[in-house]
Amino acid sequence: MNVLVDIAKFIVNEILSVPAYLIGIITAVGLIALKKTTGQIIGGAIKATLGFLLIGAGATLVTNSLAPLGTMITGATGSHGVIPTNEAIVGIAQAEYGSRVAWLMILGFLISLLLARFTPLSYVFLTGHHMLFMATLRDT
């Protein structure tokens, strides 16, 4: 019995708590539902996972690059503020709320699937970066 508990803890703590892995799993489930080939499922899941990681890396790069500019503007003008970019804000928020954002994306995707299946609204929202922005900005 302890083995099952250990396996469950590993899955929850090491896989489901990593937002990029959750995105890969969501993508794989969606591709399976679309009856894609095994290669397309694996490739799509890997691409989604890497894309999620790249968004975080890019956001970190943007915020680190713009930090000296913010310091310079603050020093020159005495004003205080931020440089608003979606990617930077999402990257910063993911560092603190990453798992919650991923769970919100899963919930939103499932609701979208249910609406498409059981109502006349037969469209599924598949624009991943917009789902990411909406889940992140709604959560924070």
Side-chain angles (χ1 to χ4, degrees):
M1 187 63 174
N2 287 337
V3 172
L4 293 176
V5 172
D6 290 339
I7 291 171
K9 283 182 180 179
F10 175 79
I11 290 171
V12 169
N13 294 333
E14 302 298 327
I15 296 173
L16 297 179
S17 65
V18 178
Y21 295 161
L22 282 175
I23 299 304
I25 292 168
I26 292 169
T27 303
V29 169
L31 292 171
I32 289 168
L34 291 172
K35 299 178 182 172
K36 298 293 184 180
T37 65
T38 303
Q40 289 174 321
I41 293 168
I42 293 170
I46 290 171
K47 287 177 189 176
T49 302
L50 291 175
F52 194 86
L53 292 171
L54 286 173
I55 286 175
T60 301
L61 179 67
V62 167
T63 55
N64 289 341
S65 298
L66 293 177
L69 178 62
T71 304
M72 184 176 67
I73 291 172
T74 300
T77 63
S79 64
H80 298 285
V82 297
I83 300 172
T85 62
N86 288 345
E87 294 79 8
I89 301 302
V90 168
I92 292 167
Q94 282 176 7
E96 188 170 340
Y97 305 109
S99 295
R100 288 172 52 187
V101 168
W103 283 113
L104 279 172
M105 286 182 68
I106 291 171
L107 180 64
F109 184 66
L110 289 176
I111 290 171
S112 178
L113 290 176
L114 291 172
L115 287 172
R117 175 66 176 99
F118 297 112
T119 69
L121 306 170
S122 59
Y123 299 99
V124 177
F125 190 70
L126 295 175
T127 310
H129 65 288
H130 285 177
M131 285 194 316
L132 174 65
F133 289 157
M134 287 187 279
T136 303
L137 299 176
R138 178 69 181 146
D139 186 48
T140 54

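Keep in mind that this is a model prediction, so the values were computed, not measured. Along the sequence shown, residues are numbered consecutively beginning with 1.
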Enquirer: Following the transitive rule for hydrophobic clusters with a side-chain heavy-atom cut-off under 4.5 Å over Ile, Leu, Val, Met, Phe, Trp and Tyr, establish whether F52 and I46 coincide in one cluster.
Expert: no
Enquirer: How far apart are the closest heavy atoms of G24 and A45, and which atoms are they?
Expert: O-CB, 3.5 Å
Enquirer: Using the rule that two of Ile, Leu, Val, Met, Phe, Trp, Tyr join whenever any of their side-chain heavy atoms come within less than 4.5 Å, decide whether L53 and I23 are in one cluster.
Expert: no
Enquirer: Which atom names give the shortest non-hydrogen contact between Q40 and L31, and what distance separates them?
Expert: O-CD1, 3.5 Å
Enquirer: Do L113 and F109 have side chains that approach each other closer than 4.5 Å (heavy atoms only, starting at C-beta)?
Expert: yes
Enquirer: To the closest 0.5 Å, what do you measure between CD1 (I106) and CD1 (I111)?
Expert: 12.0 Å
Enquirer: Drop me the distance from L69's CG to M72's CE, to the nearest 0.5 angstrom.
Expert: 5.0 Å
Enquirer: If you group Ile, Leu, Val, Met, Phe, Trp and Tyr by side-chain heavy-atom gaps below 4.5 Å, do I42 and L50 land in one group?
Expert: yes
Enquirer: Over all heavy atoms of both residues, which pair between I15 and Y21 is shortest? Give the atoms and the distance, please.
Expert: O-CB, 3.5 Å
Enquirer: Going from CG on N2 to NZ on K9, what distance comes out if it is rounded to the nearest 0.5 angstrom?
Expert: 8.5 Å
Enquirer: State plainly whether one hydrophobic cluster holds both L114 and L104, where clusters connect Ile, Leu, Val, Met, Phe, Trp and Tyr through side-chain heavy atoms under 4.5 angstrom apart.
Expert: no
Enquirer: Which pair of heavy atoms, one from N64 and one from P68, lies closest together, and at what distance?
Expert: O-CD, 3.3 Å
Enquirer: With no hydrogens and no angle check, is any side-chain donor or acceptor of T60 less than 3.5 Å from a backbone partner on G56?
Expert: yes
Enquirer: Rounded to the nearest 0.5 Å, what separation is found between the OG1 atom of T49 and the CG atom of L54?
Expert: 11.0 Å
Enquirer: Just verifying a value: how many Å separate I41 CD1 and L34 CG, rounded to the nearest 0.5 Å?
Expert: 9.0 Å
Enquirer: From D6 CG over to I11 CD1, what is the distance, rounded to the nearest 0.5 angstrom?
Expert: 11.0 Å
Enquirer: So if you build clusters from Ile, Leu, Val, Met, Phe, Trp, Tyr with side-chain heavy-atom gaps below 4.5 Å, do I25 and F10 land together?
Expert: yes
